[in-house]
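Here the structure is laid out as structure tokens; the discussion comes afterwards.
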Amino acid sequence: MIIDLRSDTVTRPSKGMLEAMMQAKVGDDVFDEDPTVKVLEQRLANMFGKPRALFFPSGSMANQTALKLHTQPGEQVICDKTAHIYNYEAGGASFNSGISCKLLDGKRGMFTAKQVEEAINPDAFYYAKTTLVEVENTANRGGGSCWDFEEIKKIRKVCDKHELGFHLDGARIWNALVEKNESPKQYGELFDTISVCLSKGLGCPIGSVLIGDEEIMKDAVRIRKVFGGNMRQVGYLAASGLYALDNNINRLTEDHKRAKEIGAVLINQSYIKSVEPIETNIIIFELNDTVNEDQFISSLDKEGIKLIGMGSGKLRIVTHLDYTDTMHSKFLSILKELTF
Ligand SMILES: *Cc1c(COP(=O)(O)O)cnc(C)c1O
């Protein structure tokens, strides 16, 4: 038995999901003729209370498209120093949109409205023009942390005052919604554009969607084409998204519960230095200085358990749909038995 805890992207489509995919009605989506894609896009637009949504092959492409839609070359986006758009999209912000990132020193991936206000460049010709603010919820490098919704509202006010666009990287917004008992419409009301992933906690093999207002989304199809993201009979994949929206959102609470249980065991082990607060399905922890990281990973690997290092001495575990109760009890007992 392999227990793969590297990411919530490692899930395989379930039998039910595969059946839904096999039955999908499809057409050529480049001709705007795939009925299942249209249903998925419309459904997500409605969920978030926005007029438009567009299906993408990846969350990176959805985010990169949003950056392009909001900015002109030379402009600047404000985001956290740990943001996915800055760290894990291969420098795409500068490559694709010719923009720079003003990095905020947030806490666990989250910053305040005051920090945003202070980071906006003054209106002088020698500064990059600040035109966009980006928030990530849950924050990945922040350890699956959930934003305080009141702070997001305050940031929206700052955006309004300074005429800045407001984008949400909601790759794991589903985890925040179930954990904090929030609604997608709350987010739709505050953000101009929102990217969501179907391929993470929701268990689809592929797929992300960019949701937004009419005006800003006008060129989204063109930008997706420029990035090479036009797709044909992609309704088979959209069908997996529809299945996931019906079946896999509420169950995320199980992933969160198991993550907290893992954290509770970890914190009591002699080889652990610290465990960051666990809010959703991500656990970030540090080993004692005396424990070698590679040795730790390979000891677990020998037991069939996979996890990854995040650099700077931090390790990450992510719970997900394919992490079963049996795996959970086995993993917990292995953690208790390990010695270094
Ligand atoms: C996974 C992820 C994305 C998108 O990743 P892709 O692998 O391109 O789908 C975007 N933002 C965050 C925070 C993520 O964790």
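Each ligand, and each atom within it, is numbered from 1 in the order the structure gives. Counting begins at 1 with the first residue of the sequence.
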message = I want to know whether F340 and F296 have ring centres closer than 6.0 Å.
response = yes

ask   = Hey, is K257 close enough to E261 for a salt bridge, meaning N to O under 4.0 Å?
value = yes

ask   = Can you name the closest pair of heavy atoms from A62 and S195 and give their distance?
value = CB-CB, 3.9 Å

message = My question is simple, although I want it checked carefully: is atom 11 (N) of ligand 1 less than 4.0 angstrom from any protein heavy atom?
response = yes

message = Is it the case that ligand 1 has an N or O less than 3.5 angstrom from some N or O of E89?
response = no

ask   = Quick one: which ligand 1 atoms are inside 4.0 Å of a heavy atom on N63?
value = 10 (C), 11 (N)

query = Who's the nearest protein heavy-atom neighbour of atom 7 (O) of ligand 1, and how far?
reply = S60 OG, 4.5 Å

Ligand-residue contact atoms, ligand 1 with K200, heavy atoms, under 4.0 Å = 1 (C), 2 (C), 3 (C), 4 (C), 5 (O), 14 (C), 15 (O)

inquiry  = Can you name the atoms of ligand 1, numbered from 1 with element, that are less than 4.0 Å from a heavy atom of R172?
reply    = 15 (O)

task = For E136, counting its heavy atoms only, list the atoms of ligand 1 lying under 4.0 Å from any of them.
result = 13 (C)

note = For G59, the ligand 1 atoms with a heavy-atom partner under 4.0 Å come out as 4 (C), 6 (P), 8 (O), 9 (O)

message = To the nearest 0.5 Å, what is the distance between CG on N248 and CD on E254?
response = 10.0 Å

Test of ring centre spacing under 6.0 Å for F56 and F227 = no

query = Does a salt bridge link K68 with D219, judged by any charged N lying under 4.0 Å from a carboxylate O?
reply = no

query = Without hydrogens or angle criteria, can the side chains of Q233 and D28 be said to hold a donor-acceptor pair below 3.5 Å?
reply = no

ask   = Short list, please: which atoms of ligand 1 are under 4.0 Å from a heavy atom of S58?
value = 8 (O), 9 (O)

inquiry  = Closer than 4.0 Å to some heavy atom of H84 - which atoms of ligand 1 meet that?
reply    = 1 (C), 2 (C), 3 (C), 4 (C), 5 (O), 10 (C), 11 (N), 12 (C), 13 (C), 14 (C), 15 (O)

